[in-house]
Amino acid sequence: GSSTQGAKPKTYTGTLTFASFNPFTGPDASFGPEMAAGCIPAANTINQAGGVLGHQVQCIAVDTRGDPADAVPAAQKMIASTENLVGMNGPSSDEALATVPIIDRAHLPMFADSGQAAFDKSTYKYFYRLTPPDDAAGVAMAIYAYNKGYRRGAAVFGNDLSSQGNVPNLLTAFAKLGGQIVINQTLTLDQSSYRTEVTALVAASPDVIFTEADPQTDAAYLSQLQQLHGLIPVIGTQPTVQPPWIKAVGGAVGRDALSKNFAAAQPFSTSQGPAWDVYNKALLAAGSEVPQPDQWSQDPYTETDYDAIIIMALAMLEAKTPDPSFYNALIPAVVGNATGATEVHSFKEGMDAIAAGKKINYVGAGGPIAFDEYQNSTGAFELIGYSTNGSNPQLAVVSAEDIAKLRR
Amino acid sequence: MQQLIPAFGFGLITASILAIAAVGFTLQFSVTNILNLAYGDIMTACAFAAYLANHAGVNIWISLVVGALFGAVFSMLLNRLVYFGFVRRGTRLFGMIIVTIAVSLIIQNLLLAIFRPTFFTYEASQGPSYQLGSMVFTASQLAIMGIAVVAMVCVHLLLTQTQLGKAMRATATNPGLARSCGIPTDQVIDAAWLVSGALCGIAGVALVLNTATFSETTGAAFLVPIIASAVLGGIGQPYGAMLGALTIGIAGETAAALMSPAYKDVVAFVILIVVLLVRPQGILSEIAAAKEVAA
Amino acid sequence: MTDAMQFYISTLLIYLFIDIMGVLGLNLQFGVAGIINFAYIVFVGVGAYTAAVVSLGPDYPGNFQHYMFGASWPFPLPILAGGVAAGLLSLVVGVISLRRLRSDYQAMVMLVLSLIATLVASNATGLVNGPAGLATIPQPLYDQLGLNPLEYQWVYAGWCLFLTVLVFLFVRAITRSPLGRTLRAMRDNERAASAVGKNVTLLRLVIFVVGGVIAGISGAVFAEFIQAWSPGSWLYPETFVFLAAVLVGGAANNWGVILGTLLVPVGFLEATRFLPPIFYQGFIEAMQWVCVGLLILLFLWFRPNGIFPEKPGRFKPRATAQSRPAE
Amino acid sequence: MEAQPKPILAVSDVRRDYGGLKAVDGASFSAMQGRITGLIGPNGAGKSTLIGIIGGQIKPNAGSITFDGRDITGLAPHKIAGRGMVRTFQLSAEFTKLTVLENLLVAAPDQKGESLLGAELSRLYWGRNEAANVDAARDVLDRFEMTPKEDELAGNLSGGQKRLLEIMRALMTKPTMLLLDEPFAGVNPTLARQIEQYLLDLRDEGLSMIMVEHELAVVERLCEPVVVMAQGKVISEGSMRDVSARKEVLDAYLVG
Amino acid sequence: MPTSSADETGRPPAYLQVDDLAAGYGASVIVNGASAGVGHGEIVTIVGPNGAGKSTFLKAIVGMIPALSGKVRLGEEDVTNMKANNLAKRGLGYVPQVNDVFETLSVLDNLAIGGYLLSRPGAARRMEAVLETFPALKTMLKRTASKLSGGERKMLAIARVLMLEPRLLVLDEPTSNLSAELSRMLLEEHVRRLGKGGTALLIVEQKALAALTISDWAYVMAAGTMKVSSAAKDLLARKDIGEVFLGRSTEGPNVQRASGGIC
Ligand SMILES: Nc1ncnc2c1ncn2[C@@H]1O[C@H](COP(=O)(O)OP(=O)(O)OP(=O)(O)O)[C@@H](O)[C@H]1O
Ligand SMILES: Nc1ncnc2c1ncn2[C@@H]1O[C@H](COP(=O)(O)OP(=O)(O)OP(=O)(O)O)[C@@H](O)[C@H]1O
Ligand SMILES: [Mg+2]
Ligand SMILES: [Mg+2]
């Protein structure tokens, strides 16, 4: 594929395709549906506005199985055999290191949700990230816990890649703040009993538990803690507010107990404002394609996955072609232009503004976006709770600056 | 150190479930010569059957019976409709392992397709807790241990005291000869799958009662410890499987208490390997040894 | 053909060649010598990790991944190192488990070993970077060759083909020789083999190590291609995919094994990717696996001994001219 | 048997227990070079166990075995076979998925293509050696009237044919001493007669044998001397004519 | 088709009647058009060279392998391709040539399985009787069958089949591995006694001379069919048959010697 700026853009006929390139099976199978739930409403709003440059758009799902060895051929195949593939969401941490180079080489803009620190200073031209790195979450958890007055923390994380990513910064941040990690447990996933681990935890008498593990593991662990000792406050990460986790743990320890003891750190999104309203409306309207759409209403990852599609589409309008080799360079140009640009909140608004010859600044469903030189856009964290009526009340917000100070 | 005794207690709970499962597994192998690697997935399927009953308002212990019945019938049909066909076509031990793995893939992913990727919980309370020394057990855990003991005794009586038990062992060794002695081997094999399937079902439900939640992979994740217990005890030895289950269950938990929980399984499995190096046929091994001479 | 298509096809070919290598090694152990190595993927993994660490360069503080034995060996040393490391591990495992254990126990012990290996690799984070695995493994000679990525990809496919042919010839020389015959005899009846003077322990060990070396090489070539390797890539069920390839194709038959590889790890998995997306996300992925299971069952049902069954006497010994039966 | 026979195998005070059962209970005897030593006795006397101990399949609890002047007690079976002493099994132990011819070829000694290096050097290296072995195997097949079955899988042979294969395979190793455990059980008498003659020829060429056999007529035709076992002990030795008259022998048989 | 067929008058009416049976393994047909009959109280022996198809013939009769064509009749009933366990119910007992015991089971359990169709007291009674026939087994009831010596194993196999007091007994080389004395006892005492008691006996034997001496009728099987069907004593007298099939060479020891005891 040659892509020199001097060459002519490719011509496209028919529907343009965006891919959700993520695990749909395997241990991180929850990532895929979460991401697809962002893409589909975005495509629908674009199509309702008449499409991009006369093209309708659609979403496809590509399963990476959460395994680099499976993801590599999946990526090659997606690139080779998908007609009019013009952009994608993904990959996730599980397969990013193996597939980002391939996707970049294919000149396909990707909005990764890999939290891996290796991409903090990514130099891949087609790599973008709207979500903060995994390890920032650890810092946010530490800050929140410390502010709540907890001083004896227990780190209880699964031995999987994405869970362990949180641990180093959590440990150093909590210590720097003046707290003490009294026990650091790495859980082997999906055991039938964690009672011995729980006993060790109780013996260390922590006043708060930091955790991320797959739903089944945390459910077994916490329910056995409840049996043997009674629950103590739990601070989790973004995966612990996913429906499967809530369903599993809520089922195991009781939803009441969960709502009393539980908080989770996730990238902050206001989940309000005009862009969110458009997003949420489109999401709820996508009921036939997205099962139980309301579960994603406040999900910051789903929101940014939605935003990613809108941003790519707007960049195509700016470039006057869906050819990624041309529009990729214009992606930063449709966001973060604070001064003088017209703030837009949907594809339709952006399209109209561009048609009117204006510079635009897309403020997304997940909030304002500003890429740094490495095409990362990180923001604040929020701590949310859980309530039996299913809403997730916001408990606190931790600013990006506070996190930056304590990150290693 | 003072965690050691409670850990021992926890080991007992794991061991009970492991024992029920391992005895069923070993029974299948000893009677039908099939190393059924779909066993874990059948456990999961039984857990789902019990889940459906439980959520239709049935008490958890009756749901357990539902799970056991489902396991019995499902296993028997699986053998009749799939496994036995392959055996008849001349597929041997290791070919059959691949067949069972294919079946495992199918069951697990059908469950996934039907129930979707999420997690399930029974409507059941653990009941009051009882303190035995420094070990704590809930009522349902005690019930699980009780079920395990009863199941073990029944299996032992079945195999040693009844004509059916002898017929099962005879069929396993030499089906043709068994038929010519008047044993209706097809029915005997059905019976073996019914019994081991019921154990599989009980183990599946008990496992979920223990872990609180389950998904389509729950049983499969438990398979290797089951196999380890069966092998440790000497494949085909119900008592051996019990002993193996105790060793694996307790070793795992005490290792978790003494060193890192991360190496719980590693320690249990290393014990298995060391034991086999000393006693290559497992702890109890008469039958196993005999099979070797015959081989 | 578009570039993208070429990338895809060359990737598939590379996977196919690497799988064929791996499956040939397994077949040598299982189909020919009757050793049930359910830990086969561990040796693939060891080869991959070894090639990775000896080409990643020494570890340094502040590196985003941590590992032991870091070095920057030039091509083709990492691949050789992968083979040697897997061979050494085979030797250790073989000496411990092959001597006294009965075959079905052996099989189960290997299964357990496979699980132990993944647990250790995931939990001992300093060893090969724990669950995150290793990434940014350099592709061999990428800089020196100065090719564009697509050309490089084809060169790599050619390199894999070359290695596969080599492994094939190596394995075939064994299976078609008196050594192969002796191994099959040992598989059929160990007691009788030793009674006619065969050192079965040694024979088994030799073939176990040879298979391990092949596994290691295939793992090394694989890791150098995808440039990443983690515990998720070599979970114990992967061995069964290989074993299914052996049995579907035909144990103890090298061509059968190649066909089996074409079908199971490559064909079945790729073919089912083309199922139309229906119902909900994830449904189709689940159904893919159901189909893979069904395909394996169907093949074993209609060809219980594989598509190309073992043909006795296919390796038909030649007599000297004067001895042909007089009749 | 003009020359003074020289002992080739000496078994002294060999014992083997199974639990409380003394399968072999202090057996001693020696076998002569170029002779067929008969080993007879009632069922369960310990004959096969003794053959197993000599052949290395069974480890003795006590006692020693000297073969060709060297102590071979407790040696691994393949080492014993390597020294030229090869046994057959009472229950046939064929290589089921190999053809009859291949079964024989496996047993050929010192095959060039049997080492890893040799195998890799290809037929160019081992072909000649192989061809010679094929000749030898065909020769044996011919003598045992099994040539038509050359390409049959050994697992598919009839009961008697499997017995023949046992003997043929042992002969293929070019042994200096053969341990035959009931070689003719299930073999058609006419064919057995021909094989007997062949064994006698081999004996005359210097091959030593121990033969366990229940058919006393056969023993009488072939064996000199005869060793009688009962209940794990050697109770009598001598020519068939002598031992068959002895009271202890008669008693032992009647008890068995 | 028997090449020479003697006068069959004087034979009891056939209880087992096999007509034109064909059987084999997979594609290869081994037995092709073989017929035989056994009446109550009759001892019938099949002799023939190795690989003639004798065992295959028996296996097809007792339901271990399918009959491809032909007919097997037991009494008045057509039992062609009937399942072996149903044949056992009809009183057919069978001792195969190999794989003749349940190797993983103890001697006692082997006998118990032999009496599977009997009631508990009935089995106990038979067990005693059978152990009287083979007293050597008494000392090894607890031992696993795979640990028996060759001859003990054969004894167990025969003892097991006797548990049921079969009305038709099919024995494939019952004396192989038995000591000379035991072989003689088996054939001359036990088999004769069973025959006198009305049991129909179909025996394949390589110790042809010994077997024929006690038999009423004999078949010579070769290449999958019955070449000769005649009264046993006539066959013994025939010189040609003796040389070809019975291993009796002119200069060999006499019949008595080969089949007799130690002396
Ligand atoms: N593995 C074993 N465990 C227990 N007892 C055994 C074992 N092997 C053999 N025996 C017993 O040892 C005794 C001797 O057996 P062996 O096979 O040597 O007899 P044999 O003389 O060959 O008899 P046969 O002529 O019947 O073959 C028998 O009583 C047998 O039951
Ligand atoms: N399982 C089998 N598959 C294929 N062919 C077989 C099988 N069993 C036996 N045969 C073949 O059938 C023929 C007859 O075998 P069978 O066992 O009936 O002979 P037999 O007359 O009993 O001989 P023996 O006296 O040696 O026992 C033989 O040539 C043998 O090779
Ligand atoms: Mg013997
Ligand atoms: Mg026969």
Side-chain angles (χ1 to χ4, degrees), chain C residues 28 31-32 34 99 166 169-203 205-207 209-210 213 251-253 305 309-327, chain D residues 55-57 76-83 86-89 92-99 101-103 105-109 111-116 118-123 126-139 141-142 147 150-151 153-155 166 169-170 172-173:
Chain C
L28 200 57
V32 180
R99 277 148 31 109
L166 242 120
L169 292 177
F170 181 84
V171 168
R172 196 179 64 159
I174 294 177
T175 51
R176 290 204 170 174
S177 71
L179 174 60
R181 182 174 59 210
T182 302
L183 288 168
R184 287 187 292 131
M186 173 188 82
R187 172 199 68 189
D188 282 359
N189 197 325
E190 198 180 311
R191 216 163 48 115
S194 72
V196 293
K198 311 299 165 191
N199 185 345
V200 292
T201 314
L202 184 68
L203 280 169
L205 198 60
V206 165
I207 225 61
V209 172
V210 169
V213 170
N253 183 324
N305 295 315
E310 173 178 359
K311 289 213 196 88
R314 226 175 65 94
F315 149 66
K316 178 91 177 160
R318 284 182 211 142
T320 53
Q322 75 273 16
S323 84
R324 299 224 173 271
E327 323 83 306
Chain D
Q57 283 78 26
H78 68 269
K79 293 205 174 126
I80 294 177
R83 297 207 178 158
V86 177
R87 70 166 295 187
T88 67
F89 293 92
S92 310
E94 69 284 354
F95 304 126
T96 41
K97 284 173 81 180
L98 268 57
T99 63
L101 181 63
E102 285 180 312
N103 262 269
L105 289 173
V106 165
Q111 296 179 53
K112 279 184 158 184
E114 224 183 9
S115 68
L116 195 54
E120 291 303 333
L121 289 176
S122 88
R123 198 180 284 275
W126 49 257
R128 206 177 259 279
N129 171 253
E130 174 81 359
N133 288 335
V134 172
D135 287 349
R138 292 232 163 95
D139 188 46
L141 281 169
D142 213 32
T147 306
E150 179 178 303
D151 291 329
L153 284 190
E166 276 289 325
R169 196 177 53 197
M172 267 305 285
T173 63

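Since this is a predicted model, take the numbers as computed values, not measurements. Below, chains carry the letters A, B, ... as their sequence lines are ordered, and counting in each starts from 1. Excluded from the calculations below are hydrogen atoms, water molecules and symmetry mates; all remaining heavy atoms, backbone and side chain alike, are included.
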**Report entry** Close side-chain approach of D:L98 to C:R181, heavy-atom, < 4.5 Å
**Finding:** yes

Query - Part of D:S115 lying under 4.5 Å from any heavy atom of chain C - result: backbone

Report summary line: Shortest non-hydrogen pair, D:E120 vs C:I174, comes out as OE2-CG1, 3.3 Å

Report summary line: Per-residue tally against chain C (heavy atom, under 4.5 Å) across D:T173, D:V86, D:T96, D:L121 peaks at D:T96

Report task. Select, from D:Q57, D:R87, D:H78, the one with the greatest count of heavy-atom pairs under 4.5 Å involving chain C. Result -> D:H78

Query raised in the report: Do the side chain of D:K97 and the main chain of C:R187 share a donor and acceptor less than 3.5 angstrom apart?
Result: no

Query raised in the report: Side-chain contact, heavy-atom cut-off 4.5 Å: C:R184 with D:V106?
Result: no

Query raised in the report: So which of D:R83, D:K79, D:E94 has the largest heavy-atom pair count under 4.5 angstrom toward chain C?
Result: D:E94

Requested in this report: Could you look at D:A108 and say if it's the side chain, the backbone, both or neither that has a heavy atom under 4.5 Å from chain C?
Outcome: backbone

Report summary line: Looking only at heavy atoms, the pair that brings D:A81 and C:S194 closest together is CB-O, 4.2 Å

Report summary line: When rounded to the nearest 0.5 Å, the distance separating CZ of C:R176 from CZ of D:R123 is 8.0 Å

Query raised in the report: Do C:L179 and D:L116 come close enough that some side-chain heavy atom pair is under 4.5 Å?
Result: yes

Report task. Compare every heavy atom of C:R191 with every heavy atom of D:A93, then report the nearest pair and how far apart it is. Result -> CB-NH2, 4.2 Å

Report summary line: Closest non-hydrogen contact found for D:F95 with C:D188 is C-OD2, 3.4 Å

